[in-house]
*Asks:* 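So that we are looking at the same thing, I have put the structure below in structure tokens.
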Amino acid sequence: MKIYRAKDYEGMSRKAADIVAARVILDPNCVLGLATGSTPVGMYKQLVRRYNEGELDFSFVKTVNLDEYVGLAQTHEQSYRYFMQKNLFDHINIDPKNTHVPDGISDPEEECIRYNRVLNGFRDIDIQVLGLGHNGHIGFNEPGDCFQKDTHIVNLQQSTIDANSRFFASRNDIPKRAITMGIRQIMQAKTILMLVSGEGKADIIKEAFLGPVTPRVPASVLQLHPNVILVGDKAALSKL
Ligand code: F6R
């Protein structure tokens, strides 16, 4: 595992964008696994800036996102599809047909089958970007008794619902379920790029990478991946 300690959020975002940009330059047909949440926003800004400066061409790049809330349409401001459009896809020359996010309003069971088919249709993901939940989740693979392999429906834990409440006007509007890529699918990525920022993530980062590998801390499974790059700011990595 490689660890990059950045001074702050800005430094973390720049380093993460360097790693993704290098992949896009080396392999213009690459498959990028993408995440949402507040942590990767700065990285997406950096990628858009580099695209505007003519450094990057996304015309043959393919993307697959980790997850989506059940019940939110693509046009809903808090849907992950909307997030991706606003933070990245609308600002670069990616072909919309090459961007994949689970659909929140299709029948969830059918959507899991469809999304598994989409993922199986690709060669492996070249770089999978991950954030980290305070409870150790990756994608929306919540702590549980076993690792779930493929795309599945998740009942979000109360701590995740609480963490997401900052984005919704009322508690009743917060989705309670999500569709997420499974652990096997994440682990099959050639490279994992995990981003962490802020002292609020320091304890869970320590547990995930220095504690036992257990589905109780889903991110701990990354200890078994041969090519993990962890990019964090000083505060998030302070206990590692
Ligand atoms: C988002 C995702 C989640 C987030 C995690 C951290 O697509 O899969 O696992 O990465 O909840 O979220 P932030 O970055 O908001 O702390």
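Each ligand, and each atom within it, is numbered from 1 in the order the structure gives.
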*Asks:* Going through the checks in order, is the side-chain contact (heavy atoms from CB on, under 4.5 Å) test met by Met194 and Val231?
*Replies:* CA-CA 6 Å; Met194 174 169 272; Val231 183; over 6 Å; no

*Asks:* Under 4.0 Å from a heavy atom of Gly139: give me the atoms of ligand 1 that qualify, with their elements.
*Replies:*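 The list of qualifying atoms is 2 (C), 3 (C), 8 (O), 9 (O).
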
*Asks:* Of all heavy-atom pairs between Gln85 and Asp90, which one has the smallest distance, and what is that distance?
*Replies:*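 The pair with the smallest heavy-atom distance is NE2-OD1, 2.7 Å.
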
*Asks:* At under 4.0 Å between heavy atoms, is it the side chain or the backbone of Arg166 that contacts ligand 1, or both, or neither?
*Replies:*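 The answer is the side chain of Arg166.
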
*Asks:* Should Glu142 be listed as contacting ligand 1, given a heavy-atom distance under 4.0 Å as the test?
*Replies:*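 Distance cut 4.0 Å: Glu142 fails for ligand 1.
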
*Asks:* Which one holds for Leu132 and ligand 1: side chain close, backbone close, both close, or neither close, with close meaning a heavy atom under 4.0 Å?
*Replies:*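 Within the 4.0 Å criterion, Leu132 contacts ligand 1 through backbone atoms alone.
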
*Asks:* Provide the number and element of each atom of ligand 1 under 4.0 Å from a heavy atom of Gly37.
*Replies:*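 Listed by number with element, the hits are 14 (O), 15 (O).
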
*Asks:* Just by distance, with hydrogens left out, do Asn155 and Glu142 show a side-chain donor and acceptor under 3.5 Å apart?
*Replies:*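 There is no such pair (donor and acceptor under 3.5 Å, judged by atom type) between the side chains of Asn155 and Glu142.
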
*Asks:* Under 4.0 Å from ligand 1, counting heavy atoms only, is it the side chain of Thr39, its backbone, both or neither?
*Replies:*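 Both the backbone and the side chain of Thr39 come within reach of ligand 1.
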
*Asks:* For ligand 1, is His134 a contact, meaning one of its heavy atoms is under 4.0 Å away?
*Replies:*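 Contact check His134 vs ligand 1: negative.
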
*Asks:* Among all protein non-hydrogen atoms, which one is nearest to atom 11 (O) of ligand 1, and what is the separation to 0.1 Å?
*Replies:*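 The closest one turns out to be His137 NE2, 2.7 Å.
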
*Asks:* Which is it for Thr36 and ligand 1 at heavy atoms under 4.0 Å: side chain, backbone, both or neither?
*Replies:*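 Both of them.
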
*Asks:* Using a strict 4.0 Å cut-off to heavy atoms of Gly131, name the atoms of ligand 1 that fall inside it.
*Replies:*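 Reading through ligand 1 atom by atom, the close ones are 10 (O).
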
*Asks:* Out of Leu47, Val20, Val61, Val48, which residue meets the side-chain contact (heavy atoms from CB on, under 4.5 Å) rule with Leu56?
*Replies:*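 So, applying the side-chain contact (heavy atoms from CB on, under 4.5 Å) to Leu56 and each of Leu47, Val20, Val61, Val48, only Leu47 qualifies.
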
*Asks:* Could you work out, for atom 15 (O) of ligand 1, the closest of Pro40, Ala35, Gly200, Ser38 by heavy-atom distance?
*Replies:*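 Comparing heavy atoms across Pro40, Ala35, Gly200, Ser38, the nearest one to atom 15 (O) of ligand 1 lies in Ser38.
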
*Asks:* Quick one: which ligand 1 atoms are inside 4.0 Å of a heavy atom on Leu66?
*Replies:*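 Ligand 1 atoms under the 4.0 Å threshold to Leu66: 8 (O).
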
*Asks:* Give a yes or no on this: more than 12 heavy atoms of other residues, nucleotides or ligands lie within 6.0 Å of atom CD of Glu53.
*Replies:*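 Count over threshold, so yes.
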
*Asks:* If only atom types and distance count, is the side chain of Tyr4 paired as donor or acceptor with the main-chain N or O of Lys15 below 3.5 Å?
*Replies:*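 Not a single qualifying donor-acceptor pair exists.
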
*Asks:* Considering only the protein, which heavy-atom contact is closest to atom 16 (O) of ligand 1, and what is its distance?
*Replies:*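 Ranked first by proximity to atom 16 (O) of ligand 1 is Lys201 NZ, 2.7 Å.
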
*Asks:* Just checking His100 against Tyr115, ring centres under 6.0 Å apart?
*Replies:*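 Here the rings of Tyr115 and His100 have centres that are no less than 6.0 Å from each other.
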
*Asks:* Report yes if Tyr80 has an N/O atom closer than 3.5 Å to an N/O atom of ligand 1; otherwise report no.
*Replies:*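 No, no N or O pair falls under 3.5 Å.
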
*Asks:* Can you name the atoms of ligand 1, numbered from 1 with element, that are less than 4.0 Å from a heavy atom of Asp67?
*Replies:*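 Result: 1 (C), 2 (C), 7 (O), 8 (O).
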
*Asks:* Any idea how Tyr69 and Tyr80 line up, ring-wise: parallel (<30°), tilted (30 to 60°), or perpendicular (>60°)?
*Replies:*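 Answer is tilted, since the angle falls between 30° and 60°.
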
*Asks:* Does atom CD of Glu109 have more than 12 heavy-atom neighbours from other groups under 6.0 Å away?
*Replies:*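 Result for CD/Glu109: open.
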
*Asks:* Is the number of heavy atoms from other residues, nucleotides or ligands under 6.0 Å of Lys176 NZ greater than 12?
*Replies:*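 Enclosed: over 12 neighbouring heavy atoms sit under 6.0 Å from NZ of Lys176.
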
